[in-house]
Amino acid sequence: MSCLGKTFRYRVSFKDKSFTSYSIDRPQEYLSERALDRRAKQGLKIDSTDIPVSKVYINKITEQGGKVLLTSKWNNTALVETPDKTTADEFLKNSFVENVKLVWVSPEVEPFRNKDRKKEVTNEWSKTDEYYGVAAEQIRIHHGDSLHSAGYRGKGMHIAVIDAGFYNVDKMKFFKKLNILGTKDFVNPNSDIYAEHNHGLKVLSCMAVNIPNVMVGTAPEASYWLLRSEDNDTEQPAEEDYWAAAIEFADSVGVDVVNTSLGYYSFDNPEYNYEYRNLDGYTSLMSASASMAAKKGILVVCSAGNSGASSWKKITPPGDAVDIITVGAINTEGLNAEFSSIGNTSDGRIKPDVMAVGFRSSIAGTNGGTSFGNGTSFSCPIFCGLVTCLWQACPWLTVKELIDIVHRSSDRYDYPDNIFGYGVTDIWKAYKLGMEMKK
């Protein structure tokens with residue numbers, strides 16, 4: 001490990017988007033055809049939040065000594081790196097700057113990365129007589145096998161996985177047939193995303209592995225964007241800025257569904273910690289961005305969090321976002337996992353939305369074989385893959401309609417609570433409801 005000089009990152013919030021060269025009448029300049037088609041299909045209009053952050057403002061911040069790392073057009077912010085705190089004070093002198101918040105201080109040491117990571121991969125596994133292999137129970141509890149048997153396995157759907165890193169995915173036979181649309185690292189653009197943390201590998205495997213009789217995921221024929229926003233070396237608010245940039249990128253390239261098994265309520269500096277009253281869907285930058293993604297026609301599926309047995313207990317942002325699906329954890333018997341975070345939101349919305357297997361979930365291990373893991377990090381993608389297949393089957397549904405039929409097809413719909421939400425979804429029942437709504 002080598003020592004590093006201190007640098008600082010600030011979230012600079014702008015008052016408006018004046019002097020922009022972009023227009024809502026020319027959205028093809030900043031949104032892909034696929035992104036525009038998704039909006040059109042759901043009757044969603046382009047508005048000022050789609051317009052990129054003003055380049056004039058970005059140039060001024062740069063002139064004042066800031067290095068602009070990324071921007072968020074939905075939140076009208078920029079993440080700016082500076083060598084000292086006095087430089088950030090200059091930003092506040094601009095009439096167009098609303099606020100400047102310190103969100104990251106560089107760590108004392110450079111974290112270790114394993115250069116011999118590929119040697120860990122053995123790609124060894126055992127076959128079973130079961131088509132889904134080790135993943136059978138976590139799929140069948142939702143009758144996901146019925147949806148797959150009807151031909152809906154995610155083909156043509158684009159899923160963005162926003163996570164911490166996708167360790168060794170590039171060397172695993174599990175993912176050899178996988179259609180990876182692209183990768184992007186918002187924490188460190190120069191990193192090898194396959195050398196970073198293994199959390200994203202495990203999350204991805206719940207949906208994407210497609211080796212019959214070994215392990216088959218919940219959306220084995222979908223296409224995937226692998227995006228990194230989690231900095232596993234520190235816990236600082238800048239990670240929300242990385243995530244906001246990642247989901248806006250996902251929007252721009254036309255993603256249908258976003259899986260995020262991430263959440264934040266406490267940071268290295270307790271001054272930034274959230275309180276229960278902040279769980280309103282908009283206070284957290286991530287929650288505000290997730291709520292906005294829903295308005296752009298993206299289905300966001302988020303883990304509830306693993307704080308159920310801790311003093312916090314509650315869901316973690318962005319799990320409180322509006323019009324997203326937040327997933328808690330059960331075992332294969334349908335019993336609540338004690339670590340699964342509970343709701344509701346501070347404004348009284350039911351959370352979590354639904355439950356999926358997050359206790360002894362079948363996942364890929366770092367050696368390229370099968371393994372098990374605990375956490376809503378895994379119940380989330382297990383369910384995300386199934387609801388993606390549901391949307392493939394019923395493409396006429398809007399995000400809100402999709403969430404509604406998921407709720408209505410869950411076993412506690414008539415008596416939801418703050419532990420199970422609406423309960424365990426019968427995805428085949430949801431499919432039949434969706435077919436009844438065909439326009």
Quiz prompt | Donor-acceptor contact below 3.5 Å, side chain D417 vs main chain I419 | solution = yes
Quiz item: Does E230 use its side chain to pair, donor to acceptor, with the backbone of L262 at less than 3.5 Å?
Solution: no
Exercise. Go through the steps to decide whether F91 and Y10 satisfy the test ring pair (Phe, Tyr, Trp, His ring centres under 6.0 Å), and finish with yes or no.
Key: CA-CA 10 Å; F91 305 154; Y10 290 84; 7.1 Å; no
Quiz item: Does the ring of Y57 carry K55 above it, NZ/CZ under 6.0 angstrom from centre and within 45° of its axis?
Solution: no
Quiz prompt | Main-chain N/O of L102 paired with Y272 side-chain donor or acceptor, under 3.5 Å | solution = yes
Quiz prompt | T218 backbone acceptor or donor facing Y132 side chain under 3.5 Å | solution = no
Quiz prompt | salt bridge (charged side-chain N to carboxylate O under 4.0 Å, His left out): pairs with one or both residues in residues 295-305, sequence neighbours excluded | solution = D47-K296, D50-K296
Practice problem: Decide salt bridge (Lys or Arg N to Asp or Glu O under 4.0 Å) for D323 and R349; before the verdict, give the C-alpha distance in whole Å, the side-chain angles of both, and the deciding distance to 0.1 Å. | Solution: CA-CA 10 Å; D323 294 328; R349 285 174 289 117; over 6 Å; no
Quiz item: NZ of K176 to CG of N210: how many Å apart, nearest 0.5 Å?
Solution: 14.0 Å
Exercise. Measure from the side-chain N and O atoms of T82 to the backbone N and O of G66, and report whether any donor-acceptor pair falls under 3.5 Å.
Key: no
Quiz item: Distance under 6.0 Å and angle within 45° of the ring axis: does K60 meet both against F96?
Solution: no
Quiz item: With no hydrogens and no angle check, do the side chains of Y265 and N278 hold a donor and an acceptor under 3.5 Å apart?
Solution: no
Quiz item: Do I382 and S361 have side-chain heavy atoms sitting under 4.5 Å apart?
Solution: yes
Quiz item: S266 and N273: which non-hydrogen atoms are nearest, and at how many Å?
Solution: CA-OD1, 3.2 Å
Quiz item: Are E240 and S284 close enough that a side-chain donor and a side-chain acceptor fall under 3.5 Å?
Solution: yes
Self-check item: salt bridge (Lys or Arg N to Asp or Glu O under 4.0 Å) assessment of E221 paired with R153
Solution: CA-CA 5 Å; E221 294 180 6; R153 297 161 55 86; 2.9 Å; yes
Quiz item: Do R412's NZ or CZ and the ring of F420 fall within the cation-pi criteria of under 6.0 Å and 45°?
Solution: yes
Exercise. Please test E248 against K73 for salt bridge (Lys or Arg N to Asp or Glu O under 4.0 Å), starting from the C-alpha separation and ending with a verdict.
Key: CA-CA 8 Å; E248 288 180 25; K73 59 187 178 182; 5.5 Å; no
Exercise. Answer yes or no: is there a donor N or O on one side and an acceptor on the other, between the side chain of Q138 and the main chain of A135, under 3.5 Å?
Key: no
Quiz item: Under 3.5 Å, is there a donor-acceptor pair between the H199 and S377 side chains?
Solution: yes
Quiz item: Hey, does P27 have a side-chain heavy atom less than 4.5 Å from the side chain of I46?
Solution: yes
Quiz item: Does the side chain of T326 come under 3.5 Å of the side chain of K351 through a donor N or O and an acceptor N or O?
Solution: yes
Quiz item: Does some side-chain heavy atom of I162 sit less than 4.5 Å from a side-chain heavy atom of N259?
Solution: no
Practice problem: Give every residue pair that meets the salt bridge (charged side-chain N to carboxylate O under 4.0 Å, His left out) criterion with at least one member in residues 313-322, sequence neighbours excluded. | Solution: none
Quiz item: CE/M355 to OG1/T425 distance, rounded to the nearest 0.5 angstrom?
Solution: 11.0 Å
Quiz item: Within a reach of under 6.0 Å around NZ of K15, are more than 12 heavy atoms found that belong to other residues, nucleotides or ligands?
Solution: yes
Exercise. Side-chain contact test, heavy atoms from C-beta onward, threshold under 4.5 Å: evaluate it for Y194 versus T183 and give yes or no.
Key: yes
Practice problem: Report the distance from atom CZ of F166 to atom CG of L201, rounding to the nearest 0.5 Å. | Solution: 9.0 Å
Quiz prompt | Close side-chain approach of E98 to F14, heavy-atom, < 4.5 Å | solution = no
Quiz prompt | D353 versus H407, side-chain donor and acceptor atoms under 3.5 Å | solution = yes
Quiz item: So with a 6.0 Å cut-off around NZ of K173, is the heavy-atom count from everything else above 12?
Solution: no
Exercise. Check whether any side-chain heavy atom of F174 lies under 4.5 Å from a side-chain heavy atom of S205, and answer yes or no.
Key: no
Practice problem: Kindly give the heavy-atom pair with the smallest separation between A329 and S340, and that separation in Å. | Solution: N-OG, 2.9 Å
Self-check item: Side-chain heavy atoms of F175 within contact of L204, under 4.5 Å
Solution: yes
Quiz item: Where do R11 and V100 land on the side-chain contact (heavy atoms from CB on, under 4.5 Å) test, with the steps shown first?
Solution: CA-CA 6 Å; R11 182 183 303 153; V100 176; over 6 Å; no
Self-check item: Distance, nearest 0.5 Å, that separates OG of S54 from CG of N59
Solution: 8.0 Å
Exercise. Identify the two heavy atoms, one from A356 and one from H142, that lie closest to each other, and give their separation to 0.1 Å.
Key: CB-NE2, 3.5 Å
Quiz item: According to the salt bridge (charged side-chain N to carboxylate O under 4.0 Å, His left out) rule, which pairs have a member within residues 256-273, sequence neighbours left out?
Solution: R34-D256
Self-check item: 4.5 Å side-chain heavy-atom contact, V68 and L79
Solution: no
Exercise. Measure the spacing between CG of N232 and NE2 of H197 and express it to the nearest 0.5 Å.
Key: 4.0 Å
Quiz prompt | Donor + acceptor pair across side chains of Q64, T87 (<3.5 Å) | solution = no
Self-check item: Stepwise side-chain contact (heavy atoms from CB on, under 4.5 Å) check, F378 with C380
Solution: CA-CA 5 Å; F378 309 128; C380 178; over 6 Å; no
Quiz item: If every non-hydrogen atom of F267 is compared with every non-hydrogen atom of Q236, which pair is closest and at what distance?
Solution: CD2-C, 3.5 Å
Quiz prompt | Where K429 and S409 come nearest, the two heavy atoms and their spacing | solution = C-OG, 3.7 Å
Quiz item: Under the 3.5 angstrom rule, does the side chain of N75 hit a backbone N or O of T77 as a donor-acceptor pair?
Solution: no
Quiz item: Do side-chain atoms of R9 reach the backbone of V80 as a donor and acceptor pair under 3.5 angstrom?
Solution: no
Quiz item: Roughly how far, to the nearest 0.5 Å, is NZ of K17 from OG1 of T49?
Solution: 6.0 Å
Quiz item: Given D404 and R408, is the salt bridge (Lys or Arg N to Asp or Glu O under 4.0 Å) satisfied, shown in steps?
Solution: CA-CA 6 Å; D404 179 59; R408 288 195 283 135; 3.0 Å; yes
Self-check item: Step-by-step ring pair (Phe, Tyr, Trp, His ring centres under 6.0 Å) determination, Y264 to W243
Solution: CA-CA 11 Å; Y264 306 97; W243 193 90; 9.1 Å; no
Quiz prompt | Donor-acceptor pair, side chain of D185 and main chain of N188, under 3.5 angstrom | solution = yes
Quiz prompt | Under 3.5 Å donor-acceptor, N99 side chain and V12 backbone | solution = no
Quiz item: Just wondering, are more than 12 heavy atoms of other shown residues or ligands nearer than 6.0 Å to OH in Y276?
Solution: yes
Quiz item: What is the minimum heavy-atom distance between I324 and I403, and which atoms define it?
Solution: N-CD1, 3.8 Å
Practice problem: Tell me yes or no: between the side chains of T283 and D280, is some donor less than 3.5 Å from an acceptor? | Solution: yes
Practice problem: Under the side-chain hydrogen bond (donor to acceptor under 3.5 Å, both in side chains) rule, what do T366 and N168 come out as? Steps first, then yes or no, please. | Solution: CA-CA 7 Å; T366 55; N168 281 340; 5.8 Å; no
